[in-house]
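Just below is one structure, and these are the notes that go with it.
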Amino acid sequence: MEKRLIKKDTLAGIAKKMAGDMMVWAPVKKEDNVLFETIGKDGEPFFAYLNSKNAPKNVFFPHTETLMKFTRTPKGMAFSSEANKANQSVLFGVRPCDAHSFALLDKLFDQEKYQDAYYVAKRQNTTVIAMACVKPPYASCFCTSVDGEPVGSEGADILLTDIGGDYLAEFITSKGEKLAQYFGDAKADAAADAKKAEIAAKAKEAIQSRIPAHEVKPILDVNFDNPFWNTIHGKCLACGTCTYMCPTCHCFDISDEVKGADGIRLRSWDSCMFPLFTKETSGHNPRPSQKERWRQRAMHKFKYYVDNFNAIACVGCGRCVMSCPVNIDIRKVVEDISKL
Amino acid sequence: MHDLITAHKNSQKRVKPEDRKKKVIGVVARGCTTRSLIIHLQERQYERDEVCIIGVPCDGYVDGKGLKVKIGGADIVEGSIDGGQIKMKTSDGDKTVALKDVLADSCLTCRFNNPIISDIMIGSPAPAMNPDAEYNDVKEFEAKTMEERWAYFTKEMEKCMRCNACRQACPSCYCPTCFVEQSQPQWVGIGEDKSDTQVFQFMRLYHMVGRCVDCGSCVSVCPMGVDLRKFLKKIDKDCWEMFGNRAGSGMEDMPPLGKYDEHHDKQDFIYNP
Amino acid sequence: MDIRAHGKDFDRFVNRAKDEYGIRYIRSMPSSIKELQQTNNLLIKYVNQDGSFTEEEFDMVVLSVGLMPPKEAKKLSASLGIELEGHGFCKTDLENPVQTSRPGVFVCGAFGGPKDIPETVMEASAAAACAEGLLASKRGTMITPVENPAEKDLRGQGVRTGVFVCHCGINIGGVVDVPAVRDYAATLPTVVYSADNLFTCSQDTAVKMAEVIKEKDLTRVVVASCSPRTHEGLFQENCEKAGLNRYLFEMANIRDQDSWVHMHEPEAATAKAKDLLRMAVAKAQYLKPLKPGQLSVNHQALIIGGGLAGITAALSLADQGFASTIVEKEDRLGGNYNHLYKTLEGLDTRAHLTGLLEKIYKNPLITVVTSARIEKIEGFIGNYKTTVKAKDGEKVFEHGIVLVATGAYENKPKEYLYGQNDKVKSQRELETMIYEKDSKLAAVKNIVMIQCVGSRDKERPYCSRYCCSEAIKNALELKAADPSRDITILYRDIRTFAFKEDYYKQAREANIKFISYEENRKPEVMAAGDKVEVKVLDPILNETVTLPADAVVLSVGVVPNPENAAIGNMLKVPTNQDGFFLEAHVKLRPVDFQTDGVFMCGMSHSPKFSDETITQANAAVSRACLVLSLDFIEAEGKTAYVNKERCSACGLCEINCPYSAIRVNPAEGCAEVNAVLCKGCGICTASCRMNAVDLNGFNNEEVLAQIFNLN
Amino acid sequence: MARRKFATLKSFLNYIGVEGDRTIFTWVSASEGDRWAQVIKGATEKIKALGPANKMVKTIG
């Protein structure tokens, strides 16, 4: 594996240089929020952040995406696909938990049975550069409980680790190696590796929040009707904040928008928290209350995804914990389930 | 506040008319909560004798996002209120902040921090806040140019990710089917198109004419920190200046958009060629 | 030289013409009109009131010509066996102005004498009521029900639109390129058939339309022609005859709104015709087949007020076989008619009233409640429930219609020493003295009558209509009893219209003096020893004259019943600015209200003569019978409807509905529309925040489709 | 009701920076043909003077 060392203060420069050659997504400070956005070569990436407000999943799975266009012509309807349209791009500076989420999303969108052309095209054309978490994390971080680690490279093509004065850049995949030219030519030595290992161990230790994520699967298997589900949704507002913030939530809705003879078919995020999510044309709603919706969210993350893909659909970023307007804490929910 | 309406509706659902019983729900209500209750009563969501209002005076509410900024973005692990101070254990060490510095904007200029209606009152009346300043922000914004105002509106709306938290938290947003979710016709696209988001927010805000009680819920729940109050206060100001109505400030009022006053309503919006 | 603005609200128009539009009214007698050679203008020479001459030039002269009896009147009278009156118009019964001299033959409109539109319309209805009274036992025996084919089942059918573009002779075709519009229609989505017709409303087109609907299996029909106001119903019937629901029809108005207003720009007019048509076709695809609702009808009537109007109505209803209840506030029936002894034309009204009351009390179909007040009126057309408080407690009546006959009161003047000096009396008081043979009257030699007391002024700008005739009636009576009497009538305009003019002429011939005065120079009445004196400016002499009088008689006019507003509130019907009830249309619907099932007659509507009251009462009955004779009322299809999924039951629609047609059903937790009462005005739709209420035929989708197809 | 809605709507549109003059509200009776024509002419001129709307306008595709 190719490894190089880069000076800390050159990082923004590297991102900007790349932005001159291709599309670069990087953390940007906007008022009180740090968000992932595309930057130009004169952009101001902001790397001194704990984690971005929103999850970077929108790079591959945008909030709203045109699937196809159609026009009514005298000869009938004419269609044109919007699939396979993706720019060469770099996602620069995501945290390992978020990089991990891409690996989880791949299991769904890029599987043997079904390949989502829109997602796959973007994923293939995008190089993910992760930045390890070496600073004290948020109190709500719990990546280590869900198969992640603060200095982990799952889902990333390049991993950058702050090892003091320098960043250790590890080119994990061949896609990553193709961008090596941007990272100077200072080869990393064994000392850097050792330093990284030390930092990684410390960082792992610093994640104090732990949940019995693996333990709840067999419990969930047999407790669909447990009265426990009546207890968690009481204060839930049925807003979609947790799901919109979540790096692994991936439910979507498809709608057509038509004006005159022209129309487009859109895919946009949806949320299992919304009452309309499962509402049927007849007016019947199989998940009539927030109880069923909350059960669905918990089941999906910790049981169904495990059933289907042998992985928990949670990366422990803690965004849902921080953003929930009524302080519902998924960690507490999992904890409680484990005691059933 | 939605729980009240939901509880009321559920208690009446699938019950034979003769078996319907009034179900009295106790509500611990601050001033702004009582305003919401009044709006619900005006809008006939339940009857007055179906709620027992336990009024509590209110000294204000802490603005969580403001607090976080105040302590430099550190992660708050634990906190407690002691006198006029908030004491916190944070990821950046122990911090103390004066309560009055981190009260929500809506609380600082609150006009109704004591309950308007109640069945039982608890505590002694809270001291007045600073209602005279309530429209300062709006006046300042009104003085800006059209393009400056549009720029601000678009910038704020760009933050919105359509999670609907504002709507879900709003005590006046209780429509069984929100206009956003209506089809046939579909009023607004569900995607992230700029105009759709703007129209969604604009219409939700506009539906607050005579109905926003300035409780600050929408602002406090917004994960992206959209400055909704800047716009809501304008609606409140217009409603007061044009129709002499303050949302939910009296049981005897009618919803201001459900009537008009031939003699006092301004006519200047009417076009005469 | 009189301005005869005695109709309801007419004085308001006169004043507006004067004050707002600067139109001059010159009281004069034009003696000649000459055409000027150079300008071709017309020179009018006229005699002013003071006898001086004026010449004035005008561009155009419009003559107000009067009415004459029809030329065929004599022949007609002979063949019908009916008599004519002296002028050659049809002779009518004093007790019933639509009754000719021959039983079973009725007259209405100007053949019975010159009259205005509302009176003509009232007479038409009244004549119908009288005829119906005779035919009541045969009601409904000769009806052939319209049989339309079963409606097409549209389930699973796509939208297939047929377009008919009309030339309307040259009305549209002379401006708009109709064939081009027809060809354009064929290119529009959903259109499977398009054609142009010379007259789409003609019988042969109707047949063709029905054929095409079947042949092309049309599910929507769009006609581009004239106004839906006049022709929508006809085209809808064509659809029904072909088995297509009538509400699957849409119209584009390319005549009134296009070819007529853009007559001089044919190309633009053609383009606009295409736009209008495209919008209509776009809207049509969202139309829904509608089934108007039905409502059962209670066959009884409630009559509020037991004056001449109320009792006439009750008897007329009874003639038609319908029961009614009269609710009278006073302790006896008759109202103002109790104070009348004789009409100008000579009807003995006392005997008339006695006869009417006898019939009322004998008739088993009529219930009378006196000394009673209406407490509450609930319900709507066909199904009213009214609570009445009478001496013996509260009573509840169920009825299908309401007849408002609340009447009016004699004005009590404050001016001219009335009530202070016993020489000053009202016409009604004088009439009582005359017919009750008051001995004091013998010594009364000099009489001054003052007209328009408390009428036609700022406070009451309306004319009380009957007072001129009343004054002349009493003056003639006094003069007949003692020709040596000196009678002067001070007036502003003498409004003895139609045949009443004969009596005015008689009065002048009997040497009754008439002196006109202006509103701003009212006469003055002063006590002078045991007499009174009246000072007034005589415009002919142009000097103030002093008239000594043994009696000053005031024509005091009428004021509306002060309870009209309260009753109007209960019924949700309006009163006008003077306080009289406001009819649905001042000319064409003079006894109806905008609210169905409520009718009016008598002086609750406006000041009027007793014979006019009788006519209007019969007219109201005729209108009411249209409801009472039905077992069910079929509603308009284009009504509001509620989407339950969206309704939060806030009740804003209920508060604002002017027809009480939408109510929140607390049990269902949503608003419900009573489709029979709904007029489709859309107020509820506009008031609803959540778009829960929408309007059939104009719902959001339909209107948006039109907007999105504007260009 | 409509009047209050339009009064507040116009004001609110102005406030967020959309020309409130794009909303035009008046009453015209079915019998006022002339006035109707005047209103439409005036309204068209007003809107033309403002130019095409580009705020809160949705484009598809």
Is A:D270 in contact with chain B via its backbone, its side chain, both, or neither, using a 4.5 Å heavy-atom distance? neither
How would you list, in number order, the residues of residues 277-286 of chain A that have a heavy atom less than 4.5 Å from chain B? none
Interface moiety of A:S271 toward chain B, non-hydrogen atoms closer than 4.5 Å: neither
Can a cation-pi geometry be assigned to A:R95 and A:Y49, taking NZ or CZ under 6.0 Å from the six-membered ring centre and within 45° of the ring axis? yes
Take B:R35 and B:I38, measure what side chain to side chain contact (heavy atoms under 4.5 Å, CB included) needs, and give me the verdict at the end. CA-CA 5 Å; B:R35 294 176 74 188; B:I38 288 172; 5.6 Å; no
Any salt bridge linking A:R267 with A:D116? Criterion: basic side-chain nitrogen under 4.0 Å from a carboxylate oxygen. yes
Among A:P62, A:P325, A:C242, A:C239, who wins on heavy-atom pairs under 4.5 Å with chain B? A:C239
Quick test of your reading of the model: are B:K233 and B:D236 salt-bridged, counting only N-O distances below 4.0 Å? yes
Do you know which of B:V69, B:D193, B:I190, B:T90 has the most heavy-atom pairs under 4.5 Å to chain A? B:I190
Note: A:E37-A:K30 ion pair, threshold 4.0 Å (strictly below): yes
Assert yes or no for the condition that the ring centre distance of B:F153 to B:F231 is strictly below 6.0 Å. yes
Is it the side chain or the backbone of A:N327 that comes within 4.5 Å of chain B heavy atoms, both, or neither? neither
For A:R293 and A:Q290, which I'm curious about, is there any donor-acceptor pair between the side chains at under 3.5 Å? yes
When you compare the side chains of A:S209 and A:R331, does any donor N or O come within less than 3.5 Å of an acceptor on the partner? yes
If one checks every heavy atom of A:L35 against chain B at 4.5 Å, the contacting part turns out to be side chain
Indicate the ring-plane relationship of B:H40 and B:Y174, choosing parallel, tilted or perpendicular according to the 30° and 60° boundaries. perpendicular
Heavy-atom distance under 4.5 Å to chain A: side chain of B:D196, backbone, both or neither? side chain
Listed by residue number, which members of residues 215-225 of chain B have a heavy atom under 4.5 Å from any heavy atom of chain A? B:V221, B:P223, B:M224
Establish, yes or no, whether the cationic atom of B:K155 lies under 6.0 Å from the six-membered ring centre of B:W150 and within 45° of the ring axis. no
Inspect the contact between A:D256 and A:R265 and indicate whether a charged nitrogen and a carboxylate oxygen are less than 4.0 angstrom apart. yes
Is a salt bridge present between A:E31 and B:K159, judged by a nitrogen-to-oxygen distance below 4.0 Å? yes
So that I can tick it off, tell me whether B:D227 and B:K230 are bridged by a salt bridge, with the cut-off set at under 4.0 angstrom between side-chain N and carboxylate O. yes
